[in-house]
Amino acid sequence: MRRGPDRRTVNGMIEVRQLTKRYGATPAVDGLTFTVRPGSVTGFLGPNGAGKSTTMRAVLGLDKPTSGEARVNGRSFADSTWPLHEVGALLDANAVHGGRTAFDHLYCLARSNRIGRRRVTAVLDQVGLAEVARKRVGTFSLGMKQRLGIAAALLGDPGVLLFDEPVNGLDPDGIRWIRGALRGLAAEGRTVLVSSHLMSEMALTADQVLIVGRGRLLAETSIAELTAQGESLEDAYFALTGSDVEYRAAR
């Protein structure tokens with residue numbers, strides 16, 4: 001019998017080295033290299049089609065790179081015995097079974113990593129869903145599904161967290177809640193990577209930024225450094241991505 005998971009290591013890290021992912025002749029990610037460290041929120045910015053989601057999927061082992069590598073805590077995430085205890089992720093808030101209750105959705109995930117019912121109850125309370133834990137997910141608003149997705153990411157108390165466009169479709173209250181939640185997680189010493197194309201929100205949420213265009217790294221810096229000359233994050237972003245926002249037709 002396999003031993004149960006150990007307590008999480010807070011100081012996790014995401015390392016991407018010369019990552020390339022091609023679909024036929026078209027590169028979605030092109031020699032991307034960066035590091036995401038603990039203790040801050042890192043915004044992952046770029047136009048639609050810039051390779052952000054593909055990169056995140058490669059980090060999680062959901063897409064196999066054409067070349068290069070993505071590592072979490074110094075190894076391939078696919079090699080993890082207890083993945084939920086190392087990395088939590090929210091890629092698509094709608095990727096849930098609408099007929100299940102919020103509690104049952106999380107408990108199914110929890111059992112796969114030897115996580116108990118008390119932890120499920122705790123994360124539901126943490127994200128503000130305790131009162132609707134027994135309601136079917138199909139009745140939830142998008143904001144409630146985003147909260148449920150964050151609860152799922154937190155189930156194993158992981159040190160590394162990835163979120164892909166977590167504020168999409170949310171009202172101002174939901175956006176403010178997620179912003180505070182992300183910053184709180186980073187303050188606990190976790191590694192937090194957030195993909196977004198909302199510059200105004202990233203200016204309020206992120207400490208560090210990675211900016212990509214056409215699958216290549218354009219900048220890896222802090223918000224403070226990027227805006228040191230008095231430019232807004234949006235202005236600095238467009239100055240960097242200028243010619244990278246056009247879509248390329250597949251060859």
Side-chain angles (χ1 to χ4, degrees), residues 8-9 11-38 40-95 109 112-113 149-150 152-156 158-166 168 182 185-186 190-197 202 206 208-221 241 244-245 247-248 250-251:
R8 71 175 169 92
T9 300
N11 296 320
M13 191 160 60
I14 300 170
E15 298 173 286
V16 171
R17 295 289 176 264
Q18 293 297 315
L19 185 71
T20 296
K21 177 63 178 179
R22 293 180 176 273
Y23 295 97
T26 304
V29 181
D30 191 3
L32 197 57
T33 295
F34 63 80
T35 300
V36 184
R37 295 178 172 83
S40 62
V41 177
T42 298
F44 196 20
L45 313 180
N48 289 337
K52 303 186 303 295
S53 295
T54 300
T55 299
M56 291 182 126
R57 289 180 60 84
V59 170
L60 295 169
L62 299 175
D63 279 349
K64 184 178 180 180
T66 304
S67 62
E69 62 180 3
R71 292 181 173 270
V72 178
N73 298 328
R75 63 180 179 178
S76 171
F77 183 56
D79 295 334
S80 175
T81 303
W82 307 104
L84 293 183
H85 293 266
E86 290 196 41
V87 179
L90 169 58
L91 300 186
D92 181 0
N94 287 310
L109 296 174
S112 68
N113 275 239
I150 291 178
L154 295 176
L155 263 179
V160 176
L161 293 152
L162 293 85
F163 301 102
D164 193 2
E165 304 287 1
N168 269 1
L182 296 176
L185 292 167
R190 303 176 202 253
T191 299
V192 182
L193 179 63
V194 184
S195 168
S196 181
H197 56 257
M202 281 295 95
Q208 307 291 322
V209 288
L210 301 164
I211 301 178
V212 293
R214 298 190 179 185
R216 295 180 178 179
L217 184 68
L218 302 177
E220 180 176 7
T221 186
T241 60
D244 291 300
V245 296
Y247 290 103
R248 292 174 295 175
R251 296 174 182 175

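Scanning all heavy atoms of the two residues, the minimum distance from Asp164 to Ser53 falls at OD2-OG, 2.7 Å. Across all their heavy atoms, Val36 and Val192 have their closest contact at CG1-O, 4.4 Å. Leu84 approaches Pro158 most closely through the heavy-atom pair O-CB, 3.7 Å. Closest of all the heavy-atom pairs between Ser196 and Glu165 is CA-OE1, 3.3 Å. When all heavy atoms of Phe163 and Ala153 are compared, the pair lying nearest together is CE2-CB, 4.1 Å. Between Ala70 and Ala58, the shortest heavy-atom distance links the atoms CB-O, 4.0 Å.
Side chain to side chain, Glu86 and Ser80 meet the donor-acceptor criterion of an N or O pair below 3.5 Å. Using modelled atom types and a 3.5 Å distance limit, the side chains of Thr35 and Arg71 yield no donor-acceptor pair.
Thr241 places no side-chain N or O within donor-acceptor distance of the main-chain N or O of Gly213, the cut-off being under 3.5 Å. When atom types are taken as modelled, the side chain of Thr66 and the backbone of Arg22 share a donor-acceptor pair closer than 3.5 angstrom. Between the Arg216 side chain and the Gly31 main chain, no donor and acceptor come within less than 3.5 Å of each other.
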Inset, instruction - Might you work through the side chain to side chain contact (heavy atoms under 4.5 Å, CB included) test for Met202 and Val209, ending with a clear yes or no? - result: CA-CA 9 Å; Met202 281 295 95; Val209 288; 5.6 Å; no
Inset, instruction - Show your reasoning for whether side chain to side chain contact (heavy atoms under 4.5 Å, CB included) applies to His197 and Asn168. - result: CA-CA 10 Å; His197 56 257; Asn168 269 1; 4.3 Å; yes
Inset, instruction - Test side chain to side chain contact (heavy atoms under 4.5 Å, CB included) on Val29 and Thr20 and set out the steps. - result: CA-CA 5 Å; Val29 181; Thr20 296; 5.8 Å; no
Inset, instruction - Apply the test side chain to side chain contact (heavy atoms under 4.5 Å, CB included) to residues Leu161 and Leu154: give CA-CA distance (whole Å), side-chain angles for both, the deciding distance (0.1 Å), then the verdict. - result: CA-CA 8 Å; Leu161 293 152; Leu154 295 176; 4.2 Å; yes
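Atom CG of Asp30 and atom CZ of Arg214 lie 11.0 Å apart (nearest 0.5 Å). A distance of 11.5 Å separates OG1 of Thr55 from NZ of Lys21, quoted to the nearest 0.5 Å. Here the CG-CE distance, from Asn73 to Met13, works out to 8.5 Å after rounding to the nearest 0.5 Å. Between atom CG of residue Leu32 and atom CD of residue Glu220 there is a gap of 9.0 Å, rounded to the nearest 0.5 Å. Atoms OG and CG, on Ser40 and Leu193 in that order, are 10.0 Å from each other to the nearest 0.5 Å. Note: Thr81 OG1 to Asn113 CG = 9.5 Å, rounded to the nearest 0.5 Å.
The stretch residues 40-61 participates, sequence neighbours left out, in these salt bridge (Lys or Arg N to Asp or Glu O under 4.0 Å) pairs: Arg57-Asp63. Judged as a ring pair (Phe, Tyr, Trp, His ring centres under 6.0 Å), the pairs with a partner in residues 43-64 (not counting sequence neighbours) are, in order, Phe34-Phe44.
Shown here are the side chain to side chain contact (heavy atoms under 4.5 Å, CB included) partners of Gln18, two or more places apart in sequence or in another chain: Thr33.
A 6.0 Å sphere centred on CZ of Arg17 holds more than 12 heavy atoms belonging to other residues, nucleotides or ligands.
Side-chain atoms of Ile14 and Val87, non-hydrogen and from C-beta on, never get closer than 4.5 Å to each other. Annotation: side chain of Leu62 is in contact with side chain of Leu91 (closest heavy-atom distance under 4.5 Å). Side-chain contact between Ile150 and Pro166: absent, with no pair of heavy atoms (C-beta onward) separated by less than 4.5 Å.
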